[in-house]
2 protein chains.
Amino acid sequence: MRVLRTLHEFDFQPFCSKIFLLISYLNLWRQENMYEQLRVYLDSFVKLDDEAALEIEKKFVKKKFPKGSFLAHEGEITREVHFIIKGCCRFYHVKDGRTVTHWFSFEDTFTTSLRSFTTQTPSVEYIQAVENCTVLSLQYEELSKLYEQYQQWERLGRLVMEDFGRQMLDRLTALQTLTAKQRYIMLLQCEPRIIQRIPLNLVSSYLGITGETLSRVRSEIRIS
Amino acid sequence: MRVLRTLHEFDFQPFCSKIFLLISYLNLWRQENMYEQLRVYLDSFVKLDDEAALEIEKKFVKKKFPKGSFLAHEGEITREVHFIIKGCCRFYHVKDGRTVTHWFSFEDTFTTSLRSFTTQTPSVEYIQAVENCTVLSLQYEELSKLYEQYQQWERLGRLVMEDFGRQMLDRLTALQTLTAKQRYIMLLQCEPRIIQRIPLNLVSSYLGITGETLSRVRSEIRIS
DNA sequence: GCATTTTATTGACATATATCAAAAAAAATC
DNA sequence: GATTTTTTTTGATATATGTCAATAAAATGC
């Protein structure tokens with residue numbers, strides 16, 4: 001392979017078209033392998049045996065949520081849990097006329113209004129697509145059946161909930177003990193996706209501070 | 001029955017001894033019905049059938065933790081989960097040389113260092129008895145066996161975790177959106193036990209504020 | 001019961017963060 | 001590409017909460 005002396009010698013045209021081809025293959029793969037993607041995630045908790053794994057394709061339904069649309073709505077019973085294949089969402093509620101974002105979810109996580117879904121009561125929160133989302137959705141009744149029929153699915157539910165509990169504990173500790181600046185730095189280190197893909201005004205309320213304070217914190221960090 | 005005119009006419013001796021007898025019977029009942037107490041709690045999640053319920057008395061062991069002793073210790077793997085029959089505990093960790101209390105547990109709840117117990121890794125937190133505690137303890141291995149053998153126990157685990165998740169979400173929202181005063185008032189309304197039975201210096205760090213601020217908040221409320 | 005330790009309150013002052021207003025920058029829309 | 005709209009930044013000021021120090025009250029130990 002010949003070494004290039006200057007950038008001009010390089011012919012970008014064919015190179016770029018190859019890259020684009022690669023990307024479109026990758027997207028195609030993602031599309032076709034949505035169930036595989038979910039399977040990989042589930043296997044990280046429980047190695048499902050063949051029979052139990054077959055249920056994935058039977059019960060989960062592909063859905064799309066365009067940017068701005070709602071996966072859960074205040075006052076309505078959340079009837080589905082969604083596994084995010086692509087995209088991200090914010091969880092928020094309205095408190096004294098202002099919007100408080102309390103959670104984000106990204107690819108390869110289950111997303112639902114926990115209280116509403118698990119107790120089948122009206123939701124107190126909204127879940128909104130921040131990007132166009134592709135998800136695999138599972139009805140409450142279908143999940144209940146899976147829990148009834150397969151001990152493995154029951155276990156999956158338990159382990160996913162344990163994992164959720166651990167995440168919540170971490171977030172709680174951060175909110176309780178860290179200053180605004182420390183919380184932002186922690187987010188930057190532990191959850192860079194949030195800062196990369198979510199508008200800052202939503203991030204600020206997630207951190208429990210105002211947009212102005214977040215902006216100042218960021219400029220302080222830029223300087224130091 | 002004769003109506004008493006003055007207090008002096010009343011003979012306290014036999015009366016008091018009856019009361020004490022009653023109390024000791026009550027304690028005896030509690031002692032003997034520890035397993036019944038646990039059964040009632042578990043039944044609120046899943047109606048255990050006889051075989052699965054028999055395991056309660058086989059696997060849970062009565063233990064006492066005197067005030068000040070530890071149910072979990074930083075750096076050590078938490079090998080048991082405890083169901084509190086009587087007493088209460090605080091969860092705390094040490095951050096920059098000071099103690100941060102992040103949870104309390106009382107009668108009729110499961111208590112363990114979640115991350116340490118579920119992943120069998122060293123704990124990052126302490127759990128300390130705030131009162132003398134009587135608990136029913138279950139070893140990690142025994143719980144794992146229950147999960148293996150009985151779908152009902154697996155379900156129990158899931159439902160207890162879901163319940164825990166919902167509690168955590170509430171607490172998170174409170175910390176994120178309420179002022180110190182509002183958080184205190186909310187605690188007063190939703191968890192009066194905490195204020196009644198826990199020293200205020202521990203409550204303050206649970207609320208994410210200093211002892212001084214809590215003291216001021218309380219005096220404000222007393223006035224208004 | 002008294003002495004000691006721990007816990008709770010109060011005061012003066014410092015600091016972090018919120019609020020309101022405005023400008024600048026970026027993104028969305030046509 | 002120009003025009004809205006939304007998001008982010010910056011500034012001045014207000015407020016909530018923290019810090020340090022001193023005292024008061026309560027709990028604990030002997």
Side-chain angles (χ1 to χ4, degrees), chain A residues 66-69 87-88 90 92 94-102 104 128-132 174-188 194-224, chain B residues 66-69 87-88 90 92 94-102 104 126 128-132 174-188 192 194-224:
Chain A
K67 181 173 175 174
S69 65
C88 61
R90 70 188 267 238
Y92 73 94
V94 179
K95 167 99 191 166
D96 303 329
R98 53 179 80 191
T99 274
V100 181
T101 298
H102 53 268
F104 298 108
Q128 189 179 31
V130 173
E131 301 171 353
N132 290 322
L175 270 178
Q176 201 185 341
T177 64
L178 304 181
T179 65
K181 190 171 176 176
Q182 291 170 326
R183 294 202 293 268
Y184 177 73
I185 292 173
M186 187 171 170
L187 197 67
L188 213 52
I194 290 182
I195 291 153
Q196 286 153 11
R197 292 165 58 179
I198 310 274
L200 289 178
N201 59 336
L202 305 182
V203 175
S204 68
S205 91
Y206 176 75
L207 288 170
I209 57 180
T210 60
E212 293 92 325
T213 300
L214 177 56
S215 178
R216 280 183 250 271
V217 161
R218 281 162 61 83
S219 71
E220 274 180 55
I221 288 169
R222 237 176 282 134
I223 292 159
S224 60
Chain B
K67 181 173 175 175
S69 66
C88 61
R90 70 189 266 239
Y92 73 94
V94 179
K95 168 99 191 163
D96 303 329
R98 54 178 82 189
T99 275
V100 182
T101 298
H102 52 269
F104 297 108
Y126 299 86
Q128 189 178 31
V130 172
E131 301 171 354
N132 290 324
L175 269 179
Q176 202 185 341
T177 64
L178 304 181
T179 64
K181 190 171 178 176
Q182 291 170 326
R183 295 203 293 269
Y184 177 72
I185 291 172
M186 186 172 170
L187 197 67
L188 214 52
I194 290 182
I195 291 153
Q196 287 154 10
R197 291 165 58 179
I198 309 275
L200 289 178
N201 58 335
L202 305 183
V203 174
S204 68
S205 94
Y206 176 75
L207 288 170
I209 56 179
T210 59
E212 292 92 329
T213 300
L214 177 56
S215 179
R216 280 182 251 271
V217 161
R218 282 162 59 84
S219 71
E220 274 180 55
I221 288 168
R222 238 176 281 133
I223 292 159
S224 61

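The chains referred to below are lettered A, B, ... by the order of the sequence lines, with proteins before strands, and numbering in each begins at 1. Note that the coordinates shown come from a computational prediction; the quantities given were computed from them, not determined experimentally.
Taking five base pairs at each end of the helix from dG1(C)-dC30(D) to dC30(C)-dG1(D) and finding the rotation axis that steps the C1' atoms of four pairs onto the next four gives two axes whose angle is 60°, to the nearest 10°.
Applying the salt bridge (Lys or Arg N to Asp or Glu O under 4.0 Å) rule to E212(A) yields no partners; only residues at least two apart in sequence or on another chain are considered.
Note on residues 198-210 of chain B: no pairs pass salt bridge (charged side-chain N to carboxylate O under 4.0 Å, His left out), not counting sequence neighbours.
Without hydrogens or angle criteria, Q128(B) side chain to G68(B) main chain gives a donor-acceptor distance under 3.5 Å. No side-chain donor-acceptor contact under 3.5 Å links N132(B) to the backbone of P66(B). The backbone N or O of G211(A) sits nowhere less than 3.5 Å from a side-chain atom of N201(A) that would complete a donor-acceptor pair. Remark: the backbone N or O of S215(A) is not paired with any side-chain donor or acceptor of E220(A) at under 3.5 angstrom.
Contact annotation: the side chain of K181(A) approaches that of I221(A) to within less than 4.5 Å [non-hydrogen atoms, C-beta and beyond]. Proximity of V100(B) to Y92(B): side-chain heavy atoms (C-beta onward) are nowhere separated by under 4.5 Å. Residues E131(B) and K67(B) fail the side-chain proximity criterion, which asks for heavy atoms closer than 4.5 Å.
From the 5' end on, the contacts that DNA chain C makes with chain A at under 4.0 Å to a non-hydrogen atom open and close at dT17(C) to dA28(C).
Using a 4.0 Å heavy-atom criterion, one finds that G208(A) contacts the sugar-phosphate atoms exclusively. Residue-level contact check: R98(A) touches the backbone only, with heavy atoms under 4.0 Å from sugar-phosphate atoms and none from bases.
We find that CD of Q182(A) is positioned 14 Å from C1' of dG18(D), with the value rounded to whole Å.
In this structure, CG on L178(A) lies 7.0 Å from CZ on R183(A), to the nearest 0.5 angstrom. Atom CG in L202(B) sits 11.5 Å away from atom CG in L207(B) (nearest 0.5 Å). Rounded to the nearest 0.5 Å, atoms CE (M186(B)) and CG (L175(B)) are 9.5 Å apart. Distance check: Y206(B) OH to L187(B) CG gives 6.0 Å after rounding to the nearest 0.5 Å.
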Base versus backbone protein contacts along nucleotides 5-13 of chain D [heavy-atom cut-off under 4.0 Å; B, S, -]: --SSBBBB-

Protein proximity profile, nucleotides 25-30 of chain D - base contact B, sugar-phosphate-only contact S, no contact -, cut-off 4.0 Å on heavy atoms: ---S--

